[in-house]
Amino acid sequence: MKEGSKYQSLLDYLRQNRHLDEVTLNFAEIEALLNDPLPPSARTQQAWWSNRKKGALQATAWMEAGYRVETVDLDAQRVTFRKLIQKI
């Protein structure tokens with residue numbers, strides 16, 4: 001991820017909590033980390049939270065930190081990240 005990316009602070013937060021198998025944040029907490037609002041599509045589209053490897057800076061943030069999105073509850077405005085299992 002490029003330095004100065006909007007999602008760098010989310011990456012940093014997840015890296016600081018890498019000892020946790022699961023991290024749940026509500027959208028307001030993520031916005032506080034970003035110091036910027038999430039785009040409207042993050043609140044209305046499950047696809048925004050997909051674990052795609054290309055074309056999504058937000059996904060790069062959690063995947064570089066070693067997590068993937070496990071669940072998204074758009075009604076409760078909450079997302080759960082689960083640690084990726086390392087292949088040996």
Side-chain angles (χ1 to χ4, degrees):
M1 174 167 284
K2 289 183 181 180
E3 278 298 315
S5 167
K6 174 178 178 172
Y7 300 101
Q8 182 68 45
S9 56
L10 177 60
L11 168 65
D12 294 342
Y13 177 85
L14 291 170
R15 280 185 174 160
Q16 290 168 1
N17 288 284
R18 65 179 167 253
H19 61 282
L20 299 173
D21 289 335
E22 192 173 278
V23 176
T24 299
L25 296 167
N26 64 44
F27 293 177
E29 290 170 321
I30 294 172
E31 290 173 329
L33 286 170
L34 302 178
N35 199 28
D36 203 23
L38 288 166
S41 56
R43 297 179 181 281
T44 61
Q45 298 176 17
Q46 292 275 342
W48 192 89
W49 297 98
S50 68
N51 297 304
R52 57 190 180 268
K53 294 184 181 193
K54 291 188 178 183
L57 291 176
Q58 70 275 15
T60 300
W62 58 75
M63 295 181 80
E64 279 190 20
Y67 287 87
R68 65 179 171 84
V69 169
E70 179 74 11
T71 59
V72 177
D73 185 334
L74 295 176
D75 292 330
Q77 298 191 347
R78 182 175 50 236
V79 61
T80 299
F81 301 96
R82 179 165 289 282
K83 190 178 287 186
L84 291 166
I85 297 171
Q86 298 296 323
K87 296 179 183 178
I88 299 174

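Heavy atoms only: backbone and side chains are in, while hydrogens, waters and symmetry mates are out.
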Is it the case that the side chain of [X] and the backbone of [Y] share a donor-acceptor pair, with hydrogens and angles ignored and the cut-off at 3.5 Å?
| X | Y | result |
| --- | --- | --- |
| Asn17 | Leu20 | no |
| Glu31 | Leu38 | yes |
| Arg78 | Thr71 | no |
| Asn51 | Val69 | yes |

Minimum-distance pair of heavy atoms, taken over all atoms of [X] and [Y]:
| X | Y | answer |
| --- | --- | --- |
| Asp21 | Tyr67 | O-CE2, 4.1 Å |
| Ala59 | Ser50 | CB-O, 3.6 Å |
| Gln46 | Val72 | NE2-O, 3.4 Å |
| Glu29 | Leu25 | OE1-CA, 3.3 Å |
| Leu11 | Ala61 | CD1-O, 3.1 Å |

Can you find a pair of side-chain heavy atoms, one from [X] and one from [Y], that are under 4.5 Å apart?
| X | Y | result |
| --- | --- | --- |
| Leu10 | Gln58 | no |
| Val79 | Trp62 | no |
| Glu64 | Arg15 | yes |

Quick one: [atom1] on [X] to [atom2] on [Y], what's the gap to the nearest 0.5 Å?
| X | Y | atom1 | atom2 | result |
| --- | --- | --- | --- | --- |
| Glu22 | Thr80 | CD | OG1 | 5.5 Å |
| Gln8 | Leu57 | CD | CG | 11.0 Å |
| Met63 | Arg68 | CE | CZ | 9.5 Å |
| Lys83 | Arg18 | NZ | CZ | 8.5 Å |

Please work out whether the ring planes of Phe27 and Trp49 are parallel, tilted or perpendicular, with thresholds of 30° and 60°.
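It falls in the parallel class, under 30°.
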
